[in-house]
Amino acid sequence: MPLALVALAITAFAIGTTEFAAMGLLPQIADSLQVSIPDAGWLISMYAIGVVIGAPLLTAGAARLPRKAVLVGLAGLFAAGNLLCALAPNFVLLAAARLITGLPHGAFFGAGAVAAAELVAPHLRARAVSVMFSGLTVANIVGVPAVTLLGQHLGWRSAMLVVVAVGLLGTAAIARLVPQLPAHPGAGLRSELATFRSGQLWLALATVVFGCAGLFACYSYITPTLTEVSGFAESSVTLVLALFGVGMTLGNVIGGYAADRALRPALCGALLAMSGALALFAVTAHARWSAAVTVVLIGMAGFAIVPTVQTLVIDKAREAPTLASATVQGAFNLANAQGAYFGGLALSAGLGWTSPTLVGAGLAMIGFLIAAGSWAADRKAPVVVADQPVAAEQVAATL
């Protein structure tokens, strides 16, 4: 694998760290800026809003620019946004800075996934995408706990400055290691938008919105589940969440290898595995050792989906894949919101702390049914080869 993928992974590590560490630093931020913790929670929402807004707008605006320049610019904007966060004198400006920080998130992962796929041979595309996303998974093992610990002892601003340093390192690495990647010959807003005429692309995005909502239904409420049901002390939850990050990292690697061998079966298998693991957690959560093991399995299945669906979207939007790839990040954020919402409804209905994970199992199963239906429709669709229509089953190796 080329070193350019490592450069992309470094920036992905910084992005993952700043996205999730904010959750652990909310008490320090709230106390420092004299706001309530619920009000401080808007900082997480502002980042997510930035992702949803920035993914299509920045990607469309940069469609005709060389991809390397786009990646450097997006990584630099991310570092600048974190610097504004560290220097923000009040809550309103911090919230605005968090929105700015979220703007390049989706566009970077969209452009980065396309670049990663183009840096390697076609049969290694999914593995290359998984290498880039490994930065995001490792952030949950190392970056988030380290920055949270630093913020608790030296203040949240110092934690933000560390993220700025890592972001600048990633920017420099991309500038140094990523080769020149010119824009596609037909690149432009019109061609990028034209890819959304594909029903298969919308089905892939729907798979993310529903399937990954299952993961977030569980993860949004995993801390109280571990303390109230499994019996973990609050001080031990961080270790269990690090195990979740280990599972994410393993799943990312496994998903990349599996997708390069058989893309559609890998995606459907990951969704089935996640549904099963989430359902199992409702039982295993009642003992600490079994809860910890199942958390790893949930992380593995959940993140095995990422390289598979990202590669599928790139494949279905082959002529202009960047905007479609970036839109996947918006779909992940919708999945996050949807999972947390439906999991919260189950809790509000008095169904108990394990109810969100059962809701998640159902959502993941819906994602599986969408993915399976999309696969079946794709196999039946005619494929034109050399101006002659043939049955898709004859080219099933491309799925």
Side-chain angles (χ1 to χ4, degrees), residues 5-33 37 40-41 43-44 47-48 75 78-88 94 97-98 101-102 104-105 108-109 130-174 219-220 222-223 226-227 232-253 292 295-296 298-300 302-303 306 336:
L5 297 177
V6 176
L8 296 173
I10 292 172
T11 301
F13 175 88
I15 292 175
T17 299
T18 200
E19 180 180 14
F20 295 108
M23 301 174 188
L25 294 173
L26 282 186
Q28 288 75 30
I29 295 173
D31 183 64
S32 171
L33 299 179
I37 290 180
L43 298 176
I44 298 172
Y47 186 93
F78 166 80
N82 277 284
L83 180 60
L84 291 175
C85 289
L87 299 177
L94 177 58
R98 283 286 291 177
T101 306
H105 178 123
F108 177 84
F109 279 116
S130 74
V131 170
M132 184 194 72
F133 277 98
S134 67
L136 187 61
T137 62
V138 173
N140 283 275
I141 304 174
V142 179
V144 173
V147 167
T148 301
L149 186 64
L150 178 66
Q152 291 170 347
H153 287 82
L154 298 179
W156 63 271
R157 295 183 190 276
S158 64
M160 294 288 184
L161 289 174
V162 169
V163 176
V164 172
V166 179
L168 291 175
L169 175 62
T171 305
I174 292 171
Y219 190 74
S220 297
I222 195 169
T223 295
L226 292 172
T227 55
F232 283 99
E234 288 187 5
S235 58
S236 302
V237 170
T238 301
L239 177 60
V240 180
L241 295 181
L243 290 176
F244 180 81
V246 171
M248 290 171 62
T249 303
L250 293 173
N252 183 53
V253 173
V295 163
V296 175
I298 293 171
M300 287 178 62
F303 232 76
V306 174
N336 191 344

Nearest heavy atoms of [X] and [Y], plus distance in Å:
X	Y	value
Arg98	Thr18	NH1-O, 3.2 Å
Ser134	Ala9	OG-CB, 4.2 Å
Ala12	Met132	CB-O, 3.4 Å
Leu150	Ala159	CD2-CA, 4.0 Å
Ala79	Gly167	CB-C, 4.2 Å
Ala14	Val163	O-CG1, 3.9 Å

Side-chain donor or acceptor of Ser32 paired with backbone N/O of Ile29 under 3.5 Å = no
ask   = Is a side-chain donor or acceptor of Asn82 paired with a backbone partner of Val164 at a separation under 3.5 angstrom?
value = no
CA sep, side-chain torsions, deciding dist, call: Trp156, Leu94, side-chain contact (heavy atoms from CB on, under 4.5 Å) = CA-CA 12 Å; Trp156 63 271; Leu94 177 58; 3.9 Å; yes
query = Is there a side-chain contact between Val131 and Val253 (heavy atoms, below 4.5 Å)?
reply = no
task = Please say which of Val295, Ile141, Val138 ends up in a side-chain contact (heavy atoms from CB on, under 4.5 Å) with Val246.
result = Ile141
message = Distance check, rounded to the nearest 0.5 Å: Leu8 atom CG versus Phe108 atom CZ?
response = 5.0 Å
inquiry  = Rounded to the nearest 0.5 Å, what separates atom CG in Asn252 from atom CG in Leu136?
reply    = 8.5 Å
key: Worked check of side-chain contact (heavy atoms from CB on, under 4.5 Å) between Thr101 and Phe78   = CA-CA 5 Å; Thr101 306; Phe78 166 80; 3.8 Å; yes
Steps toward side-chain contact (heavy atoms from CB on, under 4.5 Å) verdict (Val166, Thr11) = CA-CA 7 Å; Val166 179; Thr11 301; over 6 Å; no
